[in-house]
Amino acid sequence: MAAALEAARNGAQAIVIERLDRVGGLARTLDFQGCRFDIGPHRFFTLNKEVQELFVEVCGIDVLRVSRLTRILYKQKYFNYPLTPINALFGMGLRLSAEILASYLLARARHLVAKPRLVSFEDWIVDRFGRRLFEIFFKTYTEKVWGISCREISADWAGQRIKGLSLMAAIANAVRPHRKVIKTLVDEFLYPRLGAGQLYEKMEALVAAGGGTVHKKAEVLRIERDGFRVTAIHYRDADGLERTLRGDFYLSSAALSDLVRQFDPPAPQAVLDAAHGLRYRNHVGVKLVIEGAAPFPDNWIYVHSPDVSMARISNYRNFSPDMTPAADIHALTVEYFCFAGDETWSSSDDALVARAVSELRRLGISLGALAGSFVVRSEKAYPVIEIGHETRIETVKSFLDRFENLLPIGRSGMFKYNNQDHAMATGLYAARTALGKGRFDPWLVNIDGVYLEGGRIE
Ligand SMILES: Cc1cc2nc3c(=O)[nH]c(=O)nc-3n(C[C@H](O)[C@H](O)[C@H](O)COP(=O)(O)OP(=O)(O)OC[C@H]3O[C@@H](n4cnc5c(N)ncnc54)[C@H](O)[C@@H]3O)c2cc1C
């Protein structure tokens, strides 16, 4: 949507083909019984000034500044996230706190003396935080989300996501907050009054006003190419009719592996194999409308407890009061992560709702009356940043780099575990390349959504 808006604002005719019935992708917002539900909790935070300004400009009077309250639930105890020393000490008790400190000191000593090679996520976290804290705060949650052992997840992912954070940095942040911006610890975020997707709904209106078109319930099926030039895309429209679209430049935010499979003539076998090897994790959001007192005050809670399979719970009423029609109505998402075809993915909606409610009760979360429910399944929601994925990406990327009028953008589109700000930045820069305003390479947008050319921030 950011790309389409940039094109529309520069006098080009942008046409968006979107498979779903609304825009926003994984950051869309759904309506149900007068409530608004995001796919999962979405906070907006960016270090990219331009993207921040775009967010504020497009949201206009609907932009809210939300004080973040998030906690970790582990073995029936709540831990503030970010960490606060008194709460952590009380929650863990003196003995466990001493164990954590000892294992941290051991890890730091190993770091200095043995200089271990950090290949996996587990290596990286143990090196930074010590094994005991890894076991309590990182292992169960991470394995619920990714479905693979922390030994198979690449250290790159930890480096990207929790960069700048160490036990000492977390403690320093708790004692003297706001000293330095550490992304995972930021305690305030921006949020559109009517949900994360409101930003994209507003962009859609601006695209239309600028002469662009958004075809919804329309699916790209095939991408025709002549060598390294895309000549047309073929898509099925909302009425089921197959249509052809010819443009000057094409941007794709569909999953990278889907894009590679859609070429006609097909991409070389090695590229297809590399794309096939990229794994994505699916997301299942069980949506509950609850009447009565708020079940918890947090925006969301990370559920580390190993005895339930849910990973996170959120209440959108705690993001914005306009997400539900009344103060005693709450819009909750209970999140599960799975691979296509496994038990969670293929469970019926009724079974998933029953599982979510029973797990919430088991965790001691008091629920009022269940007034309604539905389930949203999102395929390819999380690219699995496992060891070895880099070589596959390199193979796919070197094929795509040769195209003169095609750029992949966005999260699944570039197989990056990134946030909205990154997706928006890649869209903006790719649109500028398409418009001939420069040769911006979306692959140079880093995890912070910042464009880096030769190490320089543009
Ligand atoms: C549970 C969860 C929580 C998150 N929390 C946060 C957060 O707190 N903060 C944050 O900033 N980000 C968060 N994100 C990430 C954020 O949602 C994504 O970074 C962002 O939505 C990526 O946008 P995108 O346009 O690149 O891709 P997507 O949102 O994946 O959009 C791609 C679009 O392409 C469409 N599409 C795919 N294939 C086709 C096809 N063949 N034809 C037509 N259309 C097609 C899809 O329907 C989809 O609408 C979260 C994501 C999830 C899943």
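Read the numbers this way: they start at 1 and go in the same order the structure lists the ligands and their atoms.
Applying the ring pair (Phe, Tyr, Trp, His ring centres under 6.0 Å) rule to Phe399 yields the partners Phe228, Phe263, Phe403; only residues at least two apart in sequence or on another chain are considered.
The aromatic ring centroids of Phe319 and Phe189 lie less than 6.0 Å from each other. Two rings, from Trp146 and Tyr382, have their centers less than 6.0 Å apart.
For Glu219 and Arg236, the salt-bridge test passes: some basic side-chain N is under 4.0 Å from an acidic carboxylate O. With salt bridges taken as basic N to acidic carboxylate O contacts below 4.0 Å, one links Glu386 and Arg279. Salt bridge status for Asp31 with Arg36: present, with a side-chain N to carboxylate O gap under 4.0 Å.
Residues of the protein with a heavy atom under 4.0 Å from ligand 1 are Ile17, Glu18, Arg19, Leu20, Gly24, Gly25, Leu26, Ala27, Gly40, Pro41, His42, Arg43, Ala218, Glu219, Val220, Ser253, Ala254, Gln262, His283, Arg312, Glu335, Tyr382, Gly410, Arg411, Asn418, Asn419, Gln420, Ala423, listed by chain and number.
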